[in-house]
Amino acid sequence: MASLNELLSPNEVVARVRRDVERSVLRARNGIKHVAGINRAQVGLSPKDTVWDRHKVQLWHYRRPDDQPARCAPPILLVMSLVSRSYVLDLRPGNSVVEFLIGEGFDVYMLDWGVPDEVEAGNTLETYCDEYLPRAVDAVCEDSGSPDITMWGYCFGGLLSVLSVAGNPQMPVRNLLVMATPTDFSHMGPMSSMLQEGRIELDSIVDETGNVPADVIRGSFKVLKPTADLSSYANLWENLWNDEFVEGYQAMTQWANDHIPFPGACFRQTAELFTRGNQLAAGEVRLGRRTVRLADITVPFLNVVGEADHIVPPDAVGPLASLVGSDDVEELRLPAGHVGLVVGKGARRRTLPAMADWVRRHSEVRP
Amino acid sequence: MTPGSLRPMAQRETRPLWRMAVDSADRVLGPASEQLVRTEAFADVIGLVTRMRYVSLKRVERMLRQQWHLWNLPAATDVRRLSEQVASLERQVRDLTRELEDRDRPARAGRRNGSAAPAPRSSGAGSRGAPPAPKVASSDGAGGARG
């Protein structure tokens with residue numbers, strides 16, 4: 001315990017006063033910028049080229065530093081969820097899945113689904129699993145010169161990846177990795193329960209474009225942790241003097257509030273097949289005119305579970321590994337939340353290296 | 001030290017009083033609110049509010065449409081109907097394009113030369129024994145253990 005003399009040291013008092021004054025000035029400056037919306041954090045900055053597109057879907061190829069060739073093959077195709085912006089996987093320099101994988105020697109592609117409007121309201125699961133994904137995979141192979149790819153799906157992107165690989169055995173997918181992928185929808189939280197019980201009619205959620213609006217998506221996430229904003233604002237106020245913190249905060253909250261509409265037809269299918277029917281948990285899904293069986297997935301498979309994930313809880317993710325038919329199946333349980341699997345210090349130090357290590361073990365690595 | 005890069009809060013020995021108050025409130029309100037949103041009562045309220053909002057919007061739309069039509073003017077719902085028809089046409093074009101492409105796409109069984117991809121699966125049940133149980137690994141926080 002500090003002695004009375006140390007507490008009353010004039011130098012200490014002066015230093016603390018000076019620090020507090022400096023912080024107050026910085027706090028005021030950053031506060032004004034934040035409220036005025038100027039100097040917003042720039043996101044998704046890794047240089048990339050659009051190598052393929054179809055309707056609103058774009059396939060991006062991320063450039064390697066100094067155009068050096070990748071050390072690992074095959075290339076990785078990142079498949080994002082339909083309701084969140086893809087830039088979470090390339091949030092900021094030093095906090096980017098894309099940047100990390102490029103640094104590990106991989107060739108990285110990302111599939112961005114775009115922002116749906118009235119036309120995309122008719123997009124079904126088949127549109128994504130049987131049309132966009134197979135064509136995107138072919139485009140990756142053609143652009144990279146690789147005969148196959150590693151598919152890496154996140155959240156609903158993982159669900160699409162799983163269905164696409166299971167339902168399209170001709171797709172040149174060598175490895176399949178999925179993170180926080182909902183499988184057993186009976187554990188998916190209050191909004192899912194309301195849909196299951198029929199308390200919310202599907203038509204009452206869809207807007208005039210035929211899609212589920214972005215603010216409904218955002219609300220359904222926020223209701224999972226109603227007081228999250230309270231601690232978030234408290235963190236911001238406490239660290240408002242810290243430029244680096246403020247930039248990171250702005251990037252993260254920008255993404256957390258930047259949802260995209262969910263195509264109406266796909267939403268209805270998801271509600272009927274998964275939320276109410278829980279077909280994925282049974283391992284068989286009616287897709288198109290056939291039954292897709294997860295047991296038909298025979299490629300090496302990694303299921304990543306965030307043990308602190310409150311959006312897609314571990315109980316909702318866990319069953320997936322036991323449903324696929326591959327002889328090489330692993331499940332990786334990590335002490336991270338839904339977003340913490342890909343963003344933040346924990347991702348950089350723990351979760352991304354663990355996942356990259358699995359991919360590397362299932363890839364060819366050039367010296 | 002340069003402005004904006006001073007010693008982070010985490011290194012301070014104590015948090016300010018206001019922050020401790022917020023944390024205390026969050027410790028109580030957080031779990032309670034998470035419990036509340038999982039109750040039947042909350043589900044009932046959300047269901048009712050959603051339904052009432054939908055019904056109200058439809059009623060207002062109908063009233064406004066009637067008013068605009070009295071003056072022989074198009075209502076938002078008329079514009080929306082046109083928009084839906086255009087979108088439907090575009091979807092039909094997309095469907096036809098896809099069918100034509102699928103007809104022309106070469107079969108992809110066997111993949112390209114030198115491929116390390118798995119051979120196409122044979123159809124029919126019973127072509128494979130039960131797969132082994134998945135290996136489970138947990139990160140020990142140091143660097144990611146593997147199964």
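Sequence lines set the chain letters: A, B, ... in the order given, protein chains first and strands last, and positions in each chain run from 1.
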Honestly, the part of S231(A) sitting under 4.5 Å from a heavy atom of chain B is both
Under 4.5 Å to a heavy atom of chain A? For E40(B) that would be both
One should read off an interatomic distance between T127(A) OG1 and D95(B) CG, to the nearest 0.5 angstrom, of 7.5 Å
- Item | Intermediate values then yes/no, side chain to side chain contact (heavy atoms under 4.5 Å, CB included), E118(A) and V86(B) | CA-CA 9 Å; E118(A) 289 92 336; V86(B) 170; over 6 Å; no
Scored by heavy-atom pairs under 4.5 Å with chain B, the best of E201(A), E131(A), R54(A), H55(A) is H55(A)
If one checks every heavy atom of E84(B) against chain A at 4.5 Å, the contacting part turns out to be side chain
Heaviest contributor of heavy-atom pairs below 4.5 Å to chain B, chosen from E307(A), E120(A), R293(A), is E120(A)
Checklist entry - Charged N to carboxylate O below 4.0 Å: is that the case for E101(B) and R135(A)? => result yes
Give the intermediate values and the outcome of side chain to side chain contact (heavy atoms under 4.5 Å, CB included) for residues L230(A) and V22(B). CA-CA 8 Å; L230(A) 176 68; V22(B) 168; 4.2 Å; yes
Of the listed M194(A), R199(A), M355(A), H310(A), the one with the largest count of heavy-atom pairs under 4.5 Å with chain B is R199(A)
Under 4.5 Å to a heavy atom of chain A? For D44(B) that would be both
| request: Would you indicate whether the side-chain heavy atoms of S204(A) and R53(B) approach each other to under 4.5 Å? | output: no
Counting heavy-atom pairs under 4.5 Å with chain B, the top scorer among G122(A), A234(A), G346(A), G210(A) is A234(A)
query = Step by step, would you call I205(A) with Y54(B) a side chain to side chain contact (heavy atoms under 4.5 Å, CB included)?
reply = CA-CA 8 Å; I205(A) 300 182; Y54(B) 177 73; over 6 Å; no
Whatever's closer than 4.5 Å to a heavy atom in chain B on E208(A) counts as both
Under 4.5 Å to a heavy atom of chain B? For N175(A) that would be neither
With chain B, the option among A228(A), A321(A), P226(A) that has the most non-hydrogen atom pairs under 4.5 Å is P226(A)
Applying a strict 4.5 Å limit to non-hydrogen atoms, the region of D203(A) in contact with chain B is both
If one checks every heavy atom of I149(A) against chain B at 4.5 Å, the contacting part turns out to be neither
Greatest number of non-hydrogen atom pairs under 4.5 angstrom with chain A, of S88(B), G47(B), A43(B), falls to A43(B)
If one checks every heavy atom of R98(B) against chain A at 4.5 Å, the contacting part turns out to be both
